[in-house]
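Shown next, in structure tokens, is the structure this report addresses.
FYI, the numbering just counts along the sequence from 1. As the structure lists them, so they are numbered: ligands from 1, and atoms in each ligand from 1.
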Amino acid sequence: MAEFDHPGRVLRLQELMGDAGVGATLLSVGADLPYFTGYEAMPTERLTMLVVPVVGDPILFIPKLEAPRVGAIQFEMVSWGETEDPIALVAKAVSDSDRILIGDHAWSVFLIGLQAELPDASWAPASTITRELRIRKEPAEIEALRSAAHGVDRALARVPSEVNFAGRTESDVSRDLQRMTVEEGHEVAAFAIVASGPNGASPHHEPGQRVISQGDLVICDFGGRYRGYFSDVTRTFSVGEPSAEQTEVHSVVAAANAAGHAAVGPGVPCQEIDRVARQVIDDAGYGDFFIHRTGHGIGLETHEHPYLVEGNDLLLEPGMTFSIEPGIYLPDRLGVRIEDISACTDDGIDDLNQADRGLVVVG
Ligand code: ZN
Ligand code: ZN
Ligand code: ZN
């Protein structure tokens, strides 16, 4: 992620910290650390922590054996040995701060240790401030997200000719999708939900041993990490020719998806995208069966701000990136979801995924 201006991002963070009366921000595992440094902490019992003081240079505390994997970094680094206490080192570095932010995904064992060393400090999640920066993507971030989206678009285009559904398990199809996600340029396939027939009624179904058969609708929701940024796409396939009901449910979801896209623009409240998509599904009589929000932000994490959900009156701004993913889930029978990633622009929407949203028949 060398193309990003990490020191510039830290300066903007320090400005916001100053405005909020925050003395230090501590970043460990999670996406904030790579956002500000380009380095991602190993999620282990050995503490990696970036200390960002409100004024002055950040210091990355890192286990001595992991220092070689950091590579070129534009910040001071302190490596601690196996017999040292990293909590004490970090506590000492922030001992003059009354108000401290800590990364949302930092392990509680580290936070509790720091709280014991710094009993007078007050604590808050780092996202209270870091989201202000991460929620609006820089042009290079949008291009990274577009590359990721195009990667899964290419995988989707291969599905009808390369993936057999009927007679195979959901797990088999999930493995195919993950393999193609990597073949199409992702570093790693992060997830591949395959929910067939009645399992489609569970939006986050864990693909299992159910054997897919003719007449099933199959929700395929998959994505991965591409140069640090995530893809996340969903298409619902029909194994054999769809029934009239399957075709109807799919067309309602497609219309809801299209309505969501049409509503996007700067100054539009996040909840408005949810409302317009939900209205289409309500009007068709399926309102009780759209059981999740319409979308989530995406970037260095698959789910991040902004959330397209009732009650979120945050206004969309150019550079915000998010999914639009309405669905209908009929218990014990079937499910349909259609999901794409888009960016809000100066005057509307930029669709990062380009894959066709129609109901595709597979074998
Ligand atoms: Zn989901
Ligand atoms: Zn998804
Ligand atoms: Zn999603």
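Residue-level check: among N/O/S atoms of E339, OE1 sits closest to the Zn ion (ligand 2). E325 contributes OE2 as its N, O or S atom closest to the Zn ion (ligand 3). D221 contributes OD1 as its N, O or S atom closest to the Zn ion (ligand 2). Closest to the Zn ion (ligand 2) among the N, O or S atoms of D232 is OD1.
In this structure E66 satisfies the salt bridge (charged side-chain N to carboxylate O under 4.0 Å, His left out) test with no other residue, sequence neighbours excluded. Residues passing the salt bridge (charged side-chain N to carboxylate O under 4.0 Å, His left out) test with D350, sequence neighbours excluded: R146.
Note on ring orientation: taking the six-membered ring where Trp is involved, the planes of Y226 and H186 are perpendicular (angle over 60°, cut-offs 30° and 60°).
Metal site remark for the Zn ion (ligand 3): H303 contributes no N, O or S atom at a distance under 2.8 Å.
Using a 4.5 Å heavy-atom cutoff, the side chains of V90 and V51 are in contact.
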Would you check, one step at a time, whether the test side chain to side chain donor-acceptor pair (under 3.5 Å) holds for E301 with H296?
-> CA-CA 10 Å; E301 293 177 276; H296 54 82; over 6 Å; no

